[in-house]
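No hydrogens, no waters, no symmetry mates; every other heavy atom, side chains included, goes into these values. Bear in mind that the values here come from a model prediction, so they are computed numbers and not experimental data.
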Amino acid sequence: MRARVIYNPSSGREQLKKAMLDILEILEDAGYEASAFPTKPEPNSAANEARRAAIAGFDLIVAAGGDGTVNDVINGIADLEKRPKIGIIPAGTTNDYARALKIPRNNLVDAARVIAANHIIPMDIGQANDHYFVNIAAGGYLTDLTYQVPAKLKTAFGYLAYLVKGAELLPSVRPIHMHIEYEGGVYDGKASMFFVAMTNSTGGFEMLDPNIMLGDGKFSLFVIKTANIFEILQILSAVLNGGKHFDHPQVLYAKTSFVKVRSHDTNRMMLNLDGEYGGDAPVTFINHQQHINIIGNYFEPIGEIEANEPRAAFLETVNQLEEDTVE
């Protein structure tokens, strides 16, 4: 058996490079002929290498890096008829996908041991026009914060950087006239953002949809209808307090195997796929049920959510927003 580790050398404050020999040794002990490929600072580097390795017959591809590296690897192999299994070594900012699969996020070597244990989870893959995603897609004004946080800041401060930037952007949120079709319904009206989720781990938290079942072929669709800052803060607080946002009058929630979104406005609506730019609306999201076998640690007990510090920082930041600032 052959394994190819595709790693982002700048992820995890460069801890990956230091741990790579140990990671390769663990894979070798598990029966793989293991090798590594550092991604290059050029478009589609990880995707191209993943595709090459899959076509060459590698049995396992390990995505070592952040959620963006995982997304790139999946995009490299998703449309192939024969797809190798995927392992994940989380070394990024939020590592949402690894969190959803209960993969250790604070020890790269322990994550490699999970891969060696070879517990296969058939996972759904989302398609957004010509792009694929594994965790979450989003669109709307507030999702622009992903593109406005500098890479060095993300590396230094993790998802705290996202939260602080999000609070800073809240006063400028404006509604978009969206037309959204989904299984069993249509929404046509103003909205500030929408989310199409495949796991319950988003932005470092595990509260977006406690009812998500991995591999069920369904997206969790959320549409935030309001652009009022205080209502948005109410919704965010409800999310942070155990997923109590379902019944909020400004939230549309549905389980669906497809979502179609277009904007009636002339303004561009960019899409965010797994934390990275993924094209513009109009877009059709399709759920490919149990499309790729991914190695996880799913039967590990769900531990305490390690988000107390960023949650507190976010709430403290938004509490400092005053009405005259909003207006």
Side-chain angles (χ1 to χ4, degrees), residues 71 74-75 78-79 96 100 123-147 173-203 207-228 231-232 235-236 238-239 243 245-292:
N71 178 281
I74 295 298
N75 270 274
D79 64 344
D96 278 325
M123 293 292 289
D124 297 348
I125 299 299
Q127 182 175 355
N129 293 342
D130 296 329
H131 300 277
Y132 296 89
F133 62 103
V134 296
N135 194 47
I136 191 165
Y141 278 107
L142 192 56
T143 59
D144 291 349
L145 71 92
T146 302
Y147 313 116
V173 172
R174 299 291 181 270
I176 301 173
H177 188 175
M178 300 182 187
H179 180 89
I180 302 176
E181 300 176 26
Y182 56 95
E183 226 174 309
V186 175
Y187 175 77
D188 194 291
K190 297 287 187 177
S192 58
M193 68 200 84
F194 69 86
F195 300 96
V196 177
M198 304 183 71
T199 80
N200 194 33
S201 183
T202 305
M207 305 176 190
L208 187 62
D209 185 358
N211 301 318
I212 280 182
M213 295 181 62
L214 301 183
D216 68 352
K218 298 287 187 180
F219 294 124
S220 289
L221 169 66
F222 292 89
V223 180
I224 311 302
K225 304 175 190 178
T226 182
N228 179 283
E231 290 182 324
I232 290 175
I235 294 168
L236 290 176
V239 172
H245 51 293
F246 292 96
D247 297 326
H248 195 285
Q250 295 294 343
V251 175
L252 182 153
Y253 166 73
K255 299 293 287 187
T256 176
S257 60
F258 74 90
V259 181
K260 296 182 179 181
V261 182
R262 70 175 187 267
S263 171
H264 287 304
D265 296 341
T266 57
N267 292 332
R268 174 188 186 190
M269 183 162 70
M270 295 188 294
L271 304 173
N272 184 307
L273 304 180
D274 293 336
E276 304 293 336
Y277 172 67
D280 296 349
V283 58
T284 297
F285 298 100
I286 300 171
N287 189 305
H288 297 279
Q289 186 174 14
Q290 300 186 8
H291 189 68
I292 292 181

Can a side-chain donor-acceptor contact be found between D265 and H177 if the only test is distance below 3.5 angstrom? no
Start with the C-alpha gap between F195 and L221, add the side-chain angles, then the distance that decides, and say whether side-chain contact (heavy atoms from CB on, under 4.5 Å) holds. CA-CA 6 Å; F195 300 96; L221 169 66; over 6 Å; no
Looking only at heavy atoms, the pair that brings A100 and L214 closest together is O-CD1, 4.2 Å
Atom pair CD1/CG of I74 and L273 - distance to nearest 0.5 Å: 13.5 Å
Out of curiosity, D79 CG to D130 CG, how far, rounded to the nearest 0.5 Å? 10.0 Å
Start with the C-alpha gap between K255 and S220, add the side-chain angles, then the distance that decides, and say whether side chain to side chain donor-acceptor pair (under 3.5 Å) holds. CA-CA 5 Å; K255 299 293 287 187; S220 289; 2.9 Å; yes
Restricting to non-hydrogen atoms, name the atom on P282 and the atom on R262 that form the minimum distance, rounded to 0.1 Å. CB-CB, 3.9 Å
Checking side-chain polar atoms at under 3.5 Å, does N129 have a donor or acceptor matched by the opposite partner on Y132? no
Please report the closest heavy-atom contact between V261 and A281, naming both atoms and the distance. O-CB, 4.2 Å
Under 4.0 Å between a side-chain nitrogen and a carboxylate oxygen: does that hold for K225 and E231? no
Check whether any side-chain N or O of S192 sits under 3.5 Å from a backbone N or O of T226 as a donor-acceptor pair, and report yes or no. yes
Would you please say whether a donor-acceptor pair under 3.5 Å links the side chains of H291 and Q289? no
How long is the gap from CD1 on I224 to NE2 on H248, to the nearest 0.5 Å? 9.0 Å
Between Q127 and I286 (side chain of the first, backbone of the second, donor and acceptor by atom type, cut-off under 3.5 Å), is there such a pair? no
Minimum heavy-atom separation for F285 and V283, please, with both atom names. CE1-CG1, 3.5 Å
Between atom CD1 of I125 and atom CD1 of I292, what is the distance when rounded to the nearest 0.5 Å? 4.0 Å
Nearest heavy-atom neighbours spanning D124 and G215: OD1-CA, 3.2 Å
Go through the steps for H179 and V186 under the test side-chain contact (heavy atoms from CB on, under 4.5 Å), then give the verdict. CA-CA 7 Å; H179 180 89; V186 175; 3.6 Å; yes
Assign the ring pair F219 / F133 to parallel, tilted or perpendicular, where the plane angle (0 to 90°) is split at 30° and 60°. parallel
Apply side-chain contact (heavy atoms from CB on, under 4.5 Å) to V223 and V251, showing your working. CA-CA 6 Å; V223 180; V251 175; over 6 Å; no
Test N71 against H131 for side chain to side chain donor-acceptor pair (under 3.5 Å), laying out the working first. CA-CA 10 Å; N71 178 281; H131 300 277; over 6 Å; no
In short, G140 meets M178 closest at the heavy-atom pair CA-CE, 4.3 Å
Side chain of D274, backbone of I136: donor and acceptor closer than 3.5 Å? yes
Can you check side-chain contact (heavy atoms from CB on, under 4.5 Å) on V259 and F194, steps first, answer last? CA-CA 11 Å; V259 181; F194 69 86; 5.7 Å; no
Atom NE2 of H264 and atom CD1 of I176: how far apart are they, to the nearest 0.5 Å? 12.0 Å
Donor on one side chain, acceptor on other, N135 and T199, under 3.5 Å: yes
